[in-house]
Amino acid sequence: MLDIRLIRNEPEAVVAALARRGEDTSAIDELVELDGRRRAVTSERDELRAEVNAVSKQVGEAFRDGRREEAEALKAKSKAAGEREKALDAEVAELDEKVRDTLLRIPNLPSADAPDGAGEADNVVLRTVGYDPEAYGEHQRVPHWDIGVELGILDNERATRISGAMFSMYRGAGARLLRALVQLSLDRNGDAYEEIRPPTLVRTDTMISTGHLPKFSDDAYHMERDDLWAIPTAEVPLTSLGAGEILDESDLPMRFMAYTSCFRREAGSAGRDTRGLLRSHEFDKVELLAYAAGEEQGKACQEDVLARSESILTDLGLAYRVVDLCTSDLGNSAARTWDLEAYAPGCDLWLEVSSVSWFSDYQARRANIRYRPADGGPPQVIHTVNGSAMGWPRTWAALVETHRRPDGTITVPEVLRPYLGGGETIGA
RNA sequence: GGAGGGAUGGCAGAGCGGACGAUUGCGACGGUCUUGAAAACCGUUGAGGGGCAACCCUCCGGGGGUUCGAAUCCCCCUCCCUCCGCCA
């Protein structure tokens with residue numbers, strides 16, 4: 001959520017920044033007005049409160065000194081003020097809630113260096129690595145859903161029978177490959193990122209902190225009976241790890257990683273890109289996340305996550321490109337996002353396998369995570385950064401398609417072999 | 001699921017209707033002393049909001065109530081702990 005003081009002091013700047021997203025900015029004018037009213041009523045209420053406090057004190061003194069009559073008179077005076085105060089207090093509460101509700105629905109301001117744009121087409125490809133369209137043979141032009149069936153390593157037909165459309169099931173070497181990918185990624189990031197195994201069901205508050213609620217409730221699975229949400233990404237519990245806390249600047253940046261299932265209803269995208277592993281309701285992901293002291297450190301952390309994710313793709317022998325999301329394609333909470341897209345030759349698609357974002361203090365303000373500056377100043381809201389390392393189904397797909405040999409078997413990239421008992425081939 | 005006990009500042013832990021934003025200890029920070037450090041001693045040290053400022057208001061898990069006045073009394077909720085039951 002944005003800082004209300006920023007909206008108050010520089011509404012034009014906020015409107016201009018939101019306009020870069022193509023966002024309707026009328027909520028800002030509304031907020032400025034609401035906030036003004038709220039502050040006026042609040043100070044009026046506070047004055048009355050101060051009066052009640054002062055008079056009450058006198059009541060006590062009068063009683064102690066035995067001045068009964070005076071005490072009774074003061075009591076009546078205080079009671080009258082108290083009643084007016086109560087009415088104003090209700091009004092303040094209502095305005096507070098309105099301000100917060102409005103604030104929660106306003107997206108983050110894009111970073112100054114995020115490219116402007118009106119849609120996906122305006123995203124900027126920063127670099128393409130290892131891609132040569134001429135280099136792929138016919139044997140690599142087989143989509144993973146066919147390879148999966150052919151080798152018996154993917155069984156979405158039965159997954160569908162068990163859970164419905166857009167669920168998947170890995171089998172045998174396919175399941176092992178998936179686990180190897182997860183483990184590789186955890187192992188190589190363990191030097192700097194603390195491994196966490198968080199809960200995958202979370203409270204409403206937790207979903208609000210990352211910005212997944214209140215606006216995007218249709219995208220998430222909700223367990224009505226217990227009022228819990230299935231996480232769409234480990235970003236949700238990891239971001240809230242430090243909720244409500246004041247950290248020491250010397251401990252920052254703090255870095256965490258988690259391997260979890262992720263659950264997405266994919267409302268509105270039914271039937272789109274649903275073949276094979278392109279899009280499913282449940283998938284595995286390893287997430288890297290950092291708490292940073294301010295913008296400079298935050299941006300450095302974003303670079304670190306990106307570099308780490310890229311190196312995994314490189315080591316897996318996959319072609320990929322880095323895409324700088326334009327302002328209109330940016331997620332609600334993000335200020336700057338780089339997507340990593342791996343090339344899958346079989347389905348001839350660039351698959352988004354990672355999304356590395358800097359959220360400035362937007363999420364941390366919602367989660368109320370702060371740090372105490374080393375110079376002793378007042379607590380500051382931290383910055384958050386996160387990125388996938390990686391989203392595994394799509395990586396699995398790109399890998400299987402890329403490394404398919406003419407005989408239909410799959411070459412296991414060297415880095416994965418230790419995790420597969422030294423095995424060099426799948427499907428032999 | 002049943003019974004009981006809790007939730008107070010960075011942490012520990014008092015307070016149980018008015019002088020309490022809160023005793024105290026630890027920690028942290030500043031100073032004295034010291035070649036330096038430690039120890040000792042002195043001092044400072046919660047968060048949020050409003051105001052140019054003096055200063056004012058709010059916050060003792062959350063919400064409601066009683067009262068002129070609530071950290072303190074009452075009700076509801078959440079969470080934690082102990083015991084019992086059940087269960088992976």
Side-chain angles (χ1 to χ4, degrees), chain A residues 1-9 31-104 197-209 223 225-229 237 240-252 254 261 291 293 361 364-382:
Chain A
M1 123 183 113
L2 300 180
D3 189 347
I4 185 68
R5 281 168 296 197
L6 180 68
I7 294 174
R8 186 147 76 216
N9 299 331
L31 258 179
V32 170
E33 200 269 328
L34 261 159
D35 175 57
R37 239 165 63 213
R38 194 197 73 194
R39 281 188 300 154
V41 179
T42 300
S43 58
E44 200 181 331
R45 193 255 337 246
D46 285 354
E47 275 166 35
L48 269 171
R49 258 223 270 254
E51 187 186 333
V52 171
N53 287 345
V55 175
S56 291
K57 210 166 193 172
Q58 291 170 29
V59 172
E61 281 161 11
F63 268 125
R64 245 194 319 284
D65 299 350
R67 292 168 302 176
R68 276 206 70 97
E69 234 166 84
E70 193 186 337
E72 291 297 342
L74 286 166
K75 223 162 123 166
K77 185 179 169 194
S78 174
K79 189 166 189 169
E83 265 149 29
R84 272 186 297 147
E85 185 265 348
K86 215 169 182 178
L88 285 175
D89 195 42
E91 203 176 323
V92 169
E94 197 181 310
L95 286 166
D96 276 345
E97 207 183 311
K98 241 184 189 154
V99 167
R100 186 176 162 81
D101 281 355
T102 311
L103 224 37
L104 281 178
R197 175 50 254 232
T200 32
L201 299 183
V202 301
R203 296 169 180 282
T204 298
D205 280 350
T206 309
M207 289 284 280
I208 287 176
S209 291
M223 267 135 277
R225 192 172 167 135
D226 300 291
D227 194 18
L228 288 168
W229 301 79
S240 286
L241 197 83
E245 297 188 34
I246 300 177
L247 310 163
D248 283 328
E249 181 170 5
S250 59
D251 290 332
L252 298 173
M254 287 169 84
S261 277
Y291 289 177
D361 59 7
R365 183 169 291 106
R366 289 167 165 246
N368 190 218
I369 311 171
R370 292 167 294 172
Y371 70 94
R372 198 177 297 283
D375 66 14
Q380 302 290 318
V381 179
I382 66 158

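Atom set for the values below is all heavy atoms of this structure, side chains included, hydrogens, waters and symmetry mates excluded. In what follows, chains are A, B, ... by sequence order, proteins preceding strands, each numbered from 1.
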Review point. What nucleotide, of B:U66, B:G18, B:G49, holds the atom closest to the side chain of A:Asp46?
Key: B:G49
Review point. Is any side-chain heavy atom of A:Asp3 less than 4.5 Å from a side-chain heavy atom of A:Val381?
Key: no
Practice item. Write down the distance separating the P atoms in B:A12 and B:U67, rounded off to the nearest Å. Key: 37 Å
**Study point:** Paired nucleotide for B:U34 [Watson-Crick or G-U wobble; both distances under 3.5 Å]
**Key:** none
Revision key, fill the gap. Closest to the side chain of A:Arg39, out of B:C68, B:C57, B:G50, is B:G50
Review point. Given B:G50, is OP1 or OP2 found less than 4.0 Å from the side-chain N or O atoms of A:Arg45?
Key: no
**Study point:** B:C29 - base-pair partner by Watson-Crick or wobble geometry, distances under 3.5 Å
**Key:** B:G43
Practice item. State whether the number of non-hydrogen atoms from other residues, nucleotides or ligands found under 6.0 Å of A:Arg8 atom CZ is greater than 12. Key: yes
Exercise for review: Would you classify A:Val55 as touching base, sugar-phosphate or nothing, given that sugar-phosphate means primed atoms plus P, OP1 and OP2, and contacts are heavy atoms under 4.0 Å?
Suggested key: nothing
Review point. What's the spacing between A:Arg84 CZ and A:Leu48 CG if we round to 0.5 Å?
Key: 5.0 Å
Review point. Of all the nucleotides listed (B:G69, B:G49, B:C57), which has the minimum atom distance to the side chain of A:Arg5?
Key: B:G49
Review point. For A:Glu249 and B:A28, what is the distance between atoms CD and P respectively, to the nearest whole Å?
Key: 18 Å
Point to revise | Atom pair NZ/OG of A:Lys79 and A:Ser56 - distance to nearest 0.5 Å | key: 12.0 Å
Study note, to complete from the structure: Picking from B:C57, B:C79, B:C68, the nucleotide nearest the side-chain atoms of A:Lys75 would be B:C68
Exercise for review: For nucleotides B:U8 and B:C20, find the distance between their C1' atoms and express it as a whole number of Å.
Suggested key: 12 Å
Practice item. Sticking with atom P, work out how far B:G30 lies from B:A39, rounded to a whole angstrom. Key: 14 Å
Practice item. Please state how far atom CD in A:Glu85 lies from atom P in B:U67, giving the value in whole angstrom units. Key: 15 Å
Check your understanding: Roughly how far apart, to the nearest Å, are B:U78 and B:A22 at atom C1'?
Key -> 25 Å
Exercise for review: Quote, to the nearest angstrom, the P distance that separates B:G1 from B:U66.
Suggested key: 32 Å
Practice item. Calculate, to the nearest 0.5 Å, the distance between atoms CE and CG belonging to A:Met1 and A:Asp361 respectively. Key: 9.5 Å
Review point. Whom does B:A12 pair with, Watson-Crick or G-U wobble, provided both distances fall under 3.5 Å?
Key: B:U24
Review point. Taking the same atom, C1', in B:G13 and in B:C60, what whole-Å distance lies between them?
Key: 13 Å
Study note, to complete from the structure: Between A:Lys57 and A:Arg8, whichever has its closest RNA chain B nucleotide further toward 5' is A:Lys57
Point to revise | Length of the CG-P vector between A:Asp205 and B:G61, whole Å | key: 18 Å
Point to revise | Base-pairing mate for B:A3 - Watson-Crick or G-U, with both contacts under 3.5 Å | key: B:U82
**Study point:** Integer-rounded Å distance: B:G49 P and A:Asp35 CG
**Key:** 12 Å
Revision key, fill the gap. Taken to the nearest whole Å, CG/A:Asn53 to P/B:C20 is 14 Å
Review point. Rounding to the closest angstrom, what is the interatomic distance between B:G27 and B:C79 at atom C1'?
Key: 27 Å
Practice item. Name the pairing partner of B:A70, where a pair is Watson-Crick or G-U wobble with both distances under 3.5 Å, or state none. Key: none
Check your understanding: Which sits closer to the 5' end of RNA chain B, A:Ala76 or A:Arg370, going by the nucleotide each is nearest to?
Key -> A:Arg370
Review point. For B:A47, does OP1 or OP2 lie under 4.0 Å from any side-chain N or O of A:Arg372?
Key: yes
Exercise for review: Could you tell me the separation between the CG atom of A:Leu95 and the P atom of B:G50, rounded to a whole number of Å?
Suggested key: 14 Å
Practice item. Let me know the distance between CZ of A:Arg49 and C1' of B:G51, rounded to the nearest Å. Key: 17 Å
Check your understanding: With rounding to whole Å, what would you report as the distance between B:G5 and B:C76 at their P atoms?
Key -> 14 Å
Review point. For B:C87, what is the paired nucleotide under Watson-Crick or G-U wobble rules, both distances under 3.5 Å?
Key: none
Check your understanding: Is it true that A:Asp96 and A:Arg100 have a side-chain N and a carboxylate O under 4.0 angstrom from each other?
Key -> no
Check your understanding: Within this structure, what is the CD-to-C1' distance between A:Glu245 and B:G10, rounded to whole angstrom?
Key -> 11 Å
Study note, to complete from the structure: Looking only at B:C56, B:C68, B:C79, the nucleotide nearest the A:Arg203 side chain is B:C79
Point to revise | Euclidean distance, A:Thr102 OG1 relative to A:Leu2 CG, rounded to 0.5 Å | key: 12.0 Å
